[in-house]
Structure formats: structure tokens, C-alpha cells
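Working notes, beginning with the structure itself.
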Amino acid sequence: MLKVENEGSITYKKMDAFEIQKFQQNRYPLLFIDYVEEAIAGRKARGYKNFSYNEWFFPAHFEDEPNVPGFVQMEALTQMFLMSFLTIPGNEGKKTAFIKAVTDFREKIIPGDRLDILSELDSYKRGVAKGKSVGYLNGRIACKADLVIVIPDVLRTFRPDDRMIESRSGGVLQN
């Protein structure tokens with residue numbers, strides 16, 4: 001892995017599966033990205049997933065015509081998107097949770113295919129990340145997702161103090 005810091009921007013390059021796991025909590029058999037070519041913290045991430053016939057889900061989906069299930073495609077898109085904001089200093093290794101995902105599947109992905117993924121972070125505020133990921137097969141869009149993901153630990157720091165209760169008149173009362 002190569003880390004480049006330039007005028008307040010942090011860029012990671014050439015991250016393999018071992019290095020990806022330093023930033024996100026997904027592990028085998030649920031790590032669905034193989035390589036991050038570039039991750040610009042707070043902006044975008046680009047990488048890929050190679051689908052070999054040895055993947056655990058192919059025999060069940062489907063024996064006579066194996067293809068990548070939609071949930072695996074969506075998870076691969078999401079995991080690349082995570083790299084756009086889990087690379088922000090202080091976010092490394094934090095748990096994440098879905099808030100919203102809108103997906104579109106256009107091409108069948110089969111054993112031997114490489115899914116190239118480009119993710120862009122549109123906004124990141126108070127632990128809430130909004131953006132999109134697009135998966136490409138041979139330059140054509142195969143799948144895409146608009147995502148809203150939260151880092152609960154970060155979001156929790158912005159929660160009002162539990163002892164404070166707002167009154168109907170707009171004032172604040174103490175418990």
C-alpha cells in the first residue's frame with residue numbers, strides 16, 4: 001500500500017485484501033472487493049472484484065448457470081464506497097450500517113468476470129455518508145447503487161445529551 005499526503009489530501013494506492021481490512025470490518029467470506037487501486041479520503045475510491053468459479057455462492061446460484069447474486073453485487077459496490085470515507089483519519093476500522101440503498105442491476109456477472117468499481121462520496125457529515133458506486137464489466141455499466149451509510153459511533157457523538165428534554169415552549173428542561 002502506498003499512502004500519499006498532499007496539501008491536506010490523503011490518497012491510498014495499491015491496497016490488497018489484507019490492507020483493505022485495516023479500514024473496514026468485512027472479512028472472508030463476506031469481503032467482496034479484492035483490490036483498491038486508489039482511495040482519496042473523503043472523495044472517491046476505485047478498485048475491482050474478480051469473480052472466480054471457486055466463490056462459495058456459485059454452486060447454489062445456480063448450478064446449471066452460475067451468476068453473481070444481487071446481494072453480492074450490492075455488497076461489492078458498498079464495500080468500495082466504504083473506502084471513500086473509512087480512509088478519513090479517525091474512521092479506520094469503524095462499524096458501518098445501511099440507511100438506504102437504491103440499486104440497479106443491468107448485466108449478468110458470471111465466473112471469470114472482473115467487476116471494476118468506481119465510488120464517489122457526495123457528502124459526509126456527522127458520520128453520515130451519501131454517494132454512489134458504479135460497477136463496470138468491460139467498460140459497460142453492470143450494476144450501480146445510490147447509498148446512504150452511517151458510522152454509528154460518529155453519529156452518536158452528535159446526539160443531544162440524554163438528560164436534556166425539550167419542552168413544548170421551546171425551552172430546555174433538566175431531568
Side-chain angles (χ1 to χ4, degrees), residues 1-4 10-88 91-122 124 129-152:
M1 173 175 65
L2 176 64
K3 180 180 179 182
V4 178
I10 301 172
T11 301
Y12 295 91
K13 295 185 178 197
K14 301 179 181 180
M15 298 172 69
D16 62 21
F18 178 75
E19 292 159 332
I20 292 167
Q21 292 176 74
K22 294 176 184 175
F23 292 92
Q24 57 179 277
Q25 293 195 0
N26 294 296
R27 303 290 185 263
Y28 176 85
L30 299 175
L31 180 62
F32 292 118
I33 56 175
D34 292 329
Y35 196 79
V36 175
E37 295 167 326
E38 179 181 63
I40 302 173
R43 291 195 40 221
K44 62 184 177 178
R46 178 176 45 89
Y48 59 85
K49 168 66 177 160
N50 287 312
F51 290 101
S52 72
Y53 188 73
N54 296 331
E55 303 281 357
W56 59 268
F57 49 80
F58 279 133
H61 199 272
F62 295 96
E63 187 176 331
D64 61 336
E65 189 180 356
N67 63 83
V68 178
F71 85 91
V72 172
Q73 294 177 50
M74 188 178 115
E75 191 63 31
L77 294 172
T78 301
Q79 289 178 18
M80 191 61 67
F81 179 64
L82 293 176
M83 298 304 291
S84 71
F85 64 92
L86 289 179
T87 51
I88 295 172
N91 287 351
E92 302 94 341
K94 292 199 180 282
K95 289 182 183 179
T96 58
F98 274 107
I99 297 294
K100 182 179 178 183
V102 177
T103 55
D104 182 18
F105 304 105
R106 297 183 178 185
E107 299 271 338
K108 180 166 47 170
I109 302 172
I110 60 173
D113 281 344
R114 173 177 148 159
L115 183 67
D116 292 299
I117 305 168
L118 177 59
S119 298
E120 294 182 6
L121 181 65
D122 294 334
Y124 177 77
K130 297 177 183 177
K132 59 188 151 289
S133 281
V134 181
Y136 298 90
L137 285 178
N138 301 315
R140 295 183 325 272
I141 295 176
C143 52
K144 61 183 183 174
D146 291 320
L147 301 160
V148 179
I149 301 204
V150 66
I151 301 176

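These numbers were taken from a predicted model, which means no experiment stands behind them.
At least one side-chain heavy atom of Ile20 sits less than 4.5 Å from a side-chain heavy atom of Met83. Contact check for Ile33 versus Asn26: no side-chain heavy atoms found under the 4.5 Å cut-off. Side-chain contact check for Ile149 versus Phe98: some heavy-atom pair is nearer than 4.5 Å. Residues Ile10 and Thr87 form no side-chain contact, since every pair of their non-hydrogen atoms from C-beta on lies 4.5 Å or further apart. A heavy-atom distance below 4.5 Å is not found between the side chains of Ser119 and Leu147. You'll find the side chain of Ile110 stays beyond 4.5 Å of the side chain of Phe51, heavy atoms only.
Atom CH2 of Trp56 is separated from atom OH of Tyr28 by 8.5 Å, given to the nearest 0.5 angstrom. Here the NZ atom belonging to Lys49 is positioned 11.0 Å from the CD1 atom belonging to Ile109, to the nearest 0.5 angstrom. For the atom pair NZ of Lys95 and CG of Leu86, the computed distance is 13.5 Å after rounding to the nearest 0.5 Å. Taking CG of Leu121 as the reference point, atom CZ of Phe81 lies at 5.0 Å (rounded to 0.5 Å). Here the CG atom belonging to Leu118 is positioned 10.5 Å from the CG atom belonging to Leu77, to the nearest 0.5 angstrom. Here the OH-CD1 distance, from Tyr136 to Ile141, works out to 5.0 Å after rounding to the nearest 0.5 Å.
When all heavy atoms are compared, the tightest approach of Asn50 to Asp34 is N-OD2, 2.7 Å. Across all their heavy atoms, Pro111 and Pro66 have their closest contact at CD-O, 3.6 Å. A pairwise comparison of heavy atoms in Asp16 and Tyr35 identifies CA-CD1, 4.0 Å as the closest pair. Met80 approaches Gly47 most closely through the heavy-atom pair CE-CA, 3.4 Å. Of all heavy-atom pairs between Cys143 and Phe105, the closest is CB-CD2, 3.9 Å. When all heavy atoms are compared, the tightest approach of Ala145 to Thr103 is CB-CG2, 3.8 Å.
Of the possible donor and acceptor atoms, one in the side chain of Gln24 sits under 3.5 Å from a partner among the backbone N and O of Gln79. A donor-acceptor pair under 3.5 Å is formed between the side chain of Gln73 and the backbone N or O of Val68. Side-chain N or O atoms of Asp146 include none that pairs as donor or acceptor with a backbone N or O of Val102 at under 3.5 Å. Put simply, the side chain of Gln25 gets close to the backbone of Gly93: a donor and an acceptor are under 3.5 Å apart.
For Tyr12 and Phe23, the ring centers are positioned less than 6.0 Å apart.
Residue Lys22 qualifies as enclosed at atom NZ: its count of foreign heavy atoms under 6.0 Å is above 12. Taking a 6.0 Å sphere around OH of Tyr53, one finds it holds more than 12 heavy atoms contributed by other residues, nucleotides or ligands.
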Derivation and outcome, side-chain contact (heavy atoms from CB on, under 4.5 Å), residues Val72 and Phe58: CA-CA 11 Å; Val72 172; Phe58 279 133; over 6 Å; no
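Under the salt bridge (Lys or Arg N to Asp or Glu O under 4.0 Å) rule, Asp122 has a single partner from Lys132, Lys130, Arg43, which is Lys132.
Taking the six-membered ring where tryptophan is involved, the planes of Phe32 and Phe71 are perpendicular, since the angle between them exceeds 60° and thus also 30°.
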